[in-house]
Amino acid sequence: MPSLFPHPLHDWNLTPTQAVALQRELACRIERRDRIGEVRRIAGVDIGFEQGGEVTRAAVVVLDYSSLEMIDQVVSRVATCMPYIPGLLSFREVPAALQAFAELPSELRSEVDLLMVDGHGIAHPRRMGVAAHLGLWLDLPSLGVAKKRLTGRHGDVADERGAWTPLMDGEETLGVVMRSRQGVKPIFVSPGHRLSVDTATQWALACLGRYKLPEPTRLADRLASRRGQKS
DNA sequence: GCGACAG
DNA sequence: ATCTTGTCGC
């Protein structure tokens, strides 16, 4: 198990002001350069809610990279700890995601080489979206795939599968806006931890199947949402 | 004060 | 995110 932060990063009961302060601190630890080895296992993560929001349901799926087939899945439920506040999504979702991760067979959990999370990575006001936060916590290369923009500006994206245009904030490139499928609204891809924008983009493209969302996130989405039926 | 605002 | 039926289009 990875680990360790010198501070009480384990305390998820923070006030919005404290959470923002923690994000600023953690953002310095995010590695934007590639630090990733051979990829054989990719984990997809997404969160859903039940009981009118009182229960948070986290889904983690592990896929084999070459076939993009799911080889295992975990769905766990925990009490919701925080309301949704734009910019502070990770404080609401990461606890549940970690619980689901902990429930993965240990041997499989240790084989995960890359994390794909539903939400943004560094394409965040303080560069600490949920994908960055989770990647940092688990010390794994990570990228975020979101369906809507949170911050940054971009031009039009050609209506052709695989087309993309950079997501910018001034001179800083935060990620890309990608047409994952023709005729649908584009997705927002950004690196989380230990990944460059280019590499994050390549992995998003590599994981594209016949749907709008890349396979890891799509499969996790189905389980976290209500459709994936039972568990 | 007025918008914008991941899931 | 979630609440919700049918409907338009490939």
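Please read these numbers as outputs of a predicted model, since none were measured by experiment. Per chain, numbering begins at 1; letters A, B, ... match sequence-line order.
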Euclidean distance, atom NZ of residue A/Lys212 to atom P of C/dC10 [Å, nearest integer]: 18 Å
Under a 3.5 Å cutoff, is there a donor and acceptor pairing between the side chains of A/Asp198 and A/Thr201? no
According to the 5.5 Å centroid and 30° plane-angle thresholds, does A/Tyr84 stack upon the nucleobase of C/dA1? no
Just to confirm, is there a sub-4.0 Å distance from OP1 or OP2 of B/dA6 to any side-chain nitrogen or oxygen of A/Thr151? no
For C/dA1, does either OP1 or OP2 sit under 4.0 Å from a side-chain N or O belonging to A/Lys148? no
What are the two closest non-hydrogen atoms of A/Val184 and A/Arg179, and how far apart are they? O-NH1, 2.8 Å
Would A/Gln202 and A/Thr199 count as a side chain to side chain donor-acceptor pair (under 3.5 Å) here? Give the steps. CA-CA 5 Å; A/Gln202 296 317 306; A/Thr199 304; over 6 Å; no
Contact summary for A/Ala97 and A/Leu134, nearest pair of heavy atoms: CB-CD2, 4.1 Å
Can you tell me how far P of B/dC5 sits from CZ of A/Arg153, to the nearest Å? 12 Å
Give the rounded distance in Å between these two atoms: CD of A/Gln182 and P of C/dG9. 16 Å
Just call it for A/Glu93: base, sugar-phosphate, or nothing, with non-hydrogen atoms closer than 4.0 Å on any strand. sugar-phosphate
Can you tell me the distance, in whole Å, between the CZ atom of A/Arg181 and the C1' atom of C/dG9? 11 Å
Please state how far atom NE2 in A/His120 lies from atom C1' in B/dA4, giving the value in whole angstrom units. 13 Å
Let me know the distance between CZ of A/Arg149 and C1' of B/dG3, rounded to the nearest Å. 11 Å
Nearest-neighbour nucleotide for the A/Arg92 side chain, B/dG7, B/dA6, B/dC5 considered: B/dG7
Looking at the rings of A/Trp137 and A/Phe101, which for Trp means the six-membered one, are their centres under 6.0 Å apart? no
Base, sugar-phosphate alone, or nothing: which one does A/Gly87 contact when heavy atoms must sit under 4.0 Å apart? base
Categorize A/Phe49 for me: base, sugar-phosphate, or nothing, with a 4.0 angstrom heavy-atom threshold over every strand shown. sugar-phosphate
Without decimals, in angstroms, what is the distance between A/Asp118 CG and C/dT2 P? 10 Å
Euclidean distance, atom CG of residue A/Leu223 to atom C1' of C/dA1 [Å, nearest integer]: 16 Å
For A/Leu88, answer base if it contacts any base atom (sugar-phosphate contacts may also be present), sugar-phosphate if it contacts only those atoms, and nothing otherwise; contact means non-hydrogen atoms under 4.0 Å. base
